[in-house]
Amino acid sequence: MRRKNKAVFDEWRILGFTLKCALMKFLIGVRILTMQDNQALIQRLSASMEMLNVRIARLASAMHVPLDDPQAVAALMATDRIPAVAVERRKTSVDLARVHISSDRRHAHEREELRGLLVLRYHMETSSLNENGWVVTSEAMAQAEEHLLRHGFKPGADGLRLDGFFNVA
């Protein structure tokens with residue numbers, strides 16, 4: 001009887017070891033897939049952030065708005081919205097050649113676009129942190145910043161300084 005119990009015990013032990021090995025292989029496979037999924041997510045998020053940051057940097061440069069200065073950003077965000085056009089001066093597509101938009105109006109539109117893009121970027125970063133976590137978001141933002149530097153922009157040209165952004169005291 002003892003031998004039979006020992007044999008059953010040995011079979012259970014071998015089965016347990018086999019299940020444990022299978023579970024470990026499964027978990028390792030899941031971790032590898034998760035890492036690959038994260039890399040794909042990081043690439044997509046980084047590409048989106050890069051396009052947004054490039055447009056922000058170009059607008060800020062054209063408008064001479066130093067986004068690395070917190071007071072300048074606060075002043076930009078505090079300005080009033082441009083009023084809606086009450087009467088459209090454009091009559092037909094034939095008259096488009098004669099339509100002239102004043103530089104003040106164009107500047108106001110660019111300021112509105114810059115403000116909107118800054119808000120959009122903040123929303124993207126916040127959403128990414130909430131949905132994807134710290135690691136994915138910080139890696140995507142770092143890659144986007146690297147690409148921006150490779151395009152010839154100065155660090156912080158888009159108003160985002162990663163060294164200060166990720167240093168949490």
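Computed from a predicted structure; not experimentally measured. Hydrogens, waters and symmetry mates play no part in the numbers below; they use all other heavy atoms, side chains included.
Taking hydrophobic clusters as Ile, Leu, Val, Met, Phe, Trp and Tyr residues chained together by side-chain heavy-atom distances below 4.5 Å, M51 does not share a cluster with F153. Note on M63: it clusters hydrophobically with L120, by side-chain heavy-atom contacts below 4.5 Å among ILVMFWY residues. V119 and V65 fall within the same hydrophobic cluster, where Ile, Leu, Val, Met, Phe, Trp and Tyr residues are linked whenever their side-chain heavy atoms come under 4.5 Å apart, directly or through other members. Connection of V73 to L148 is not established within any shared hydrophobic cluster, with ILVMFWY side chains joined at heavy-atom distances below 4.5 Å, either directly or through further cluster members. Clustering ILVMFWY residues whenever any of their side-chain heavy atoms sit less than 4.5 angstrom apart, transitively, puts L59 in the very cluster that holds L118.
Counting only distance, with no hydrogens or angles, the side chain of T137 and the backbone of W134 share no donor-acceptor pair below 3.5 Å. Within the 3.5 Å criterion, the main-chain N or O of Y122 finds a donor-acceptor partner in the side chain of T126. Side chain of S61 to main chain of A57: no donor-acceptor pair is present (N/O by atom type, distance under 3.5 Å, no hydrogens or angles). Side-chain N or O atoms of R115 include one that pairs as donor or acceptor with a backbone N or O of T79 at under 3.5 Å.
Here CZ of R58 is found 12.0 Å from CG of N53. Values are rounded to the nearest 0.5 Å. Summarising the geometry, atom CG belonging to N132 is positioned 4.5 Å from atom CG belonging to L41; distances are rounded to the nearest 0.5 Å. In this structure, R111 CZ and H109 NE2 are separated by 10.0 Å, a value rounded to the nearest 0.5 Å.
Residues E50 and Q143 are not in side-chain contact: their nearest non-hydrogen atoms beyond the backbone lie 4.5 Å or more apart. At least one side-chain heavy atom of R55 sits under 4.5 Å from a side-chain heavy atom of E113.
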Q: Give the intermediate values and the outcome of side-chain contact (heavy atoms from CB on, under 4.5 Å) for residues E139 and Q39.
A: CA-CA 9 Å; E139 182 64 29; Q39 285 303 319; 5.5 Å; no
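Between R121 and D158, at least one side-chain N (NZ, or NE/NH1/NH2) sits under 4.0 Å from a carboxylate O, which counts as a salt bridge.
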